[in-house]
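Below, each value reflects all heavy atoms present in this structure, side chains not excepted, and no hydrogens, waters or symmetry copies.
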Amino acid sequence: LLGQPDPQSRVARAMIAAHLYSLHFVDRPWTLAVLIPLFDWSNSSAPEAWQGYLFNARWYPDLLADLKPQLLVAFGKGNQLGNTAKPLCGLLASVVIYSPPSLSDNDLAGSLQSLDKDSLASVASSFGHILERAEPSERPGLWERGISRALRLWPLDKQLRSEQLSQSRSEERRVGKEWRSRWPPP
C-alpha cells in the first residue's frame, strides 16, 4: 500500500505519515525501515509524506535525529508543500528553541537561508507565538537558548525582506524587551 503510485496509496501515505511521532515512538526500527524513507526528497512520495506529518507535527529528540537529513532538505522545498509550508516553519522554530543542540550553526544557517521571505516571516512569527505562550519566567531561557542564536544566523539578503517579516521581528523585539525589563523577577 505504501509503495504503490495510485491515488489511494498517496492518501494512505499522508495518513500514516500524520502518525509518524507515535509510530516512531512505538516501533522505531519499523519506522526507520518503512516510513522515514518516504520523507526522502528523492522519493516521489515525499510531498504527501511531509504534508501528512506536518498536519500534526510533533517531535522528540530521537525522531528528530532520524528525520534530520530529510528535514534539512525540506526547508528548501516549501514551494512543493503548499499550505503545509507554514507548519514546517513552526517546526523549525520549535526545534531551534526547545532542542538547540539538534541543529548545528551550519544546519540552522543553511535552513534559514533556504527559506523564502514568506517562510522566514513565518519562522519569526512562530518565535513570537512560542514566547507569548511561555510562562514569563521561561522566556529568558527560550530567548537565550534559541531565538538569539537564530537571529545571529538570520539571512540578511535584501531580497528576503518583507513587511510581514518586519512586523514579526518587531513583535519579537517588543516581547524580548518586555521580559528583559521584568527580569529577574523581584
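How far CG of Asp66 is from CG of Leu32: 4.5 Å, rounded to the nearest 0.5 Å. Distance check: Leu38 CG to Gln70 CD gives 10.0 Å after rounding to the nearest 0.5 Å. Taken from OG in Ser126 to CG in Leu131, the straight-line distance is 11.0 Å, to the nearest 0.5 Å. A distance of 11.0 Å separates CG of Leu88 from CD of Gln51, quoted to the nearest 0.5 Å. Between Ser114 atom OG and Lys77 atom NZ the span is 10.5 Å, to the nearest 0.5 Å. Atom-to-atom distance recorded for Leu72:CG and Leu92:CG is 9.5 Å, nearest 0.5 angstrom.
Among all heavy-atom pairs drawn from Leu115 and Ser111, the shortest one is CG-O, 3.3 Å. Taking both residues in full, the closest heavy atoms of Arg145 and Tyr98 are given as NH2-CD2, 4.2 Å, listed atom of the first, atom of the second, then distance. Closest non-hydrogen pair, Leu20 versus Ile36, comes out as CD1-CD1, 4.2 Å. Nearest heavy atoms, Ala49 versus Phe39: O-CE2, 3.4 Å. The two residues Val123 and Cys89 have their closest heavy-atom pair at CG2-CB, 3.6 Å. For the pair Thr31 and Pro37, the tightest heavy-atom approach, listed with the atom from each and the gap, is O-CD, 4.2 Å.
Within the 4.5 Å cutoff, the side chain of Leu71 has heavy atoms near those of the Leu91 side chain.
Side-chain N or O atoms of Asn43 include none that pairs as donor or acceptor with a backbone N or O of Ala46 at under 3.5 Å. The main-chain N or O of Leu81 is found under 3.5 Å from a side-chain atom of Thr84 such that the two form a donor-acceptor pair. The backbone N or O of Glu132 sits less than 3.5 Å from a side-chain atom of Arg139, completing a donor-acceptor pair.
Between Tyr53 and Trp50, the ring planes are perpendicular. Angles over 60° get that label, and only those under 30° would be called parallel. Below 30°, between 30° and 60°, or above 60°: for Tyr60 and His24 the angle between ring planes is above 60°, a perpendicular geometry.
Note on residues 29-41: no pairs pass salt bridge (Lys or Arg N to Asp or Glu O under 4.0 Å), not counting sequence neighbours.
Phe55 and Tyr21 are members of different hydrophobic clusters when ILVMFWY side chains are connected at heavy-atom separations under 4.5 Å.
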Apply side chain to side chain contact (heavy atoms under 4.5 Å, CB included) to Ile97 and Ile147, showing your working. CA-CA 6 Å; Ile97 289 176; Ile147 297 173; 3.7 Å; yes
If you look only at distance, which donor and acceptor atoms sit under 3.5 Å apart when one is on a side chain in residues 102-109 and the other is two or more places apart or in another chain?
from   : atom 1 : to     : atom 2 : distance (Å)
Ser102 : OG     : Ser99  : O      : 3.2
Ser102 : OG     : Ser99  : OG     : 2.4
Ser104 : OG     : Asn106 : N      : 3.4
Ser104 : OG     : Asp107 : N      : 3.0
Ser104 : OG     : Asp107 : OD2    : 3.3
Asp105 : OD1    : Arg149 : NE     : 2.8
Asp105 : OD1    : Arg149 : NH2    : 3.2
Asp107 : OD2    : Lys68  : NZ     : 2.8
Asp107 : OD2    : Ser104 : N      : 3.3

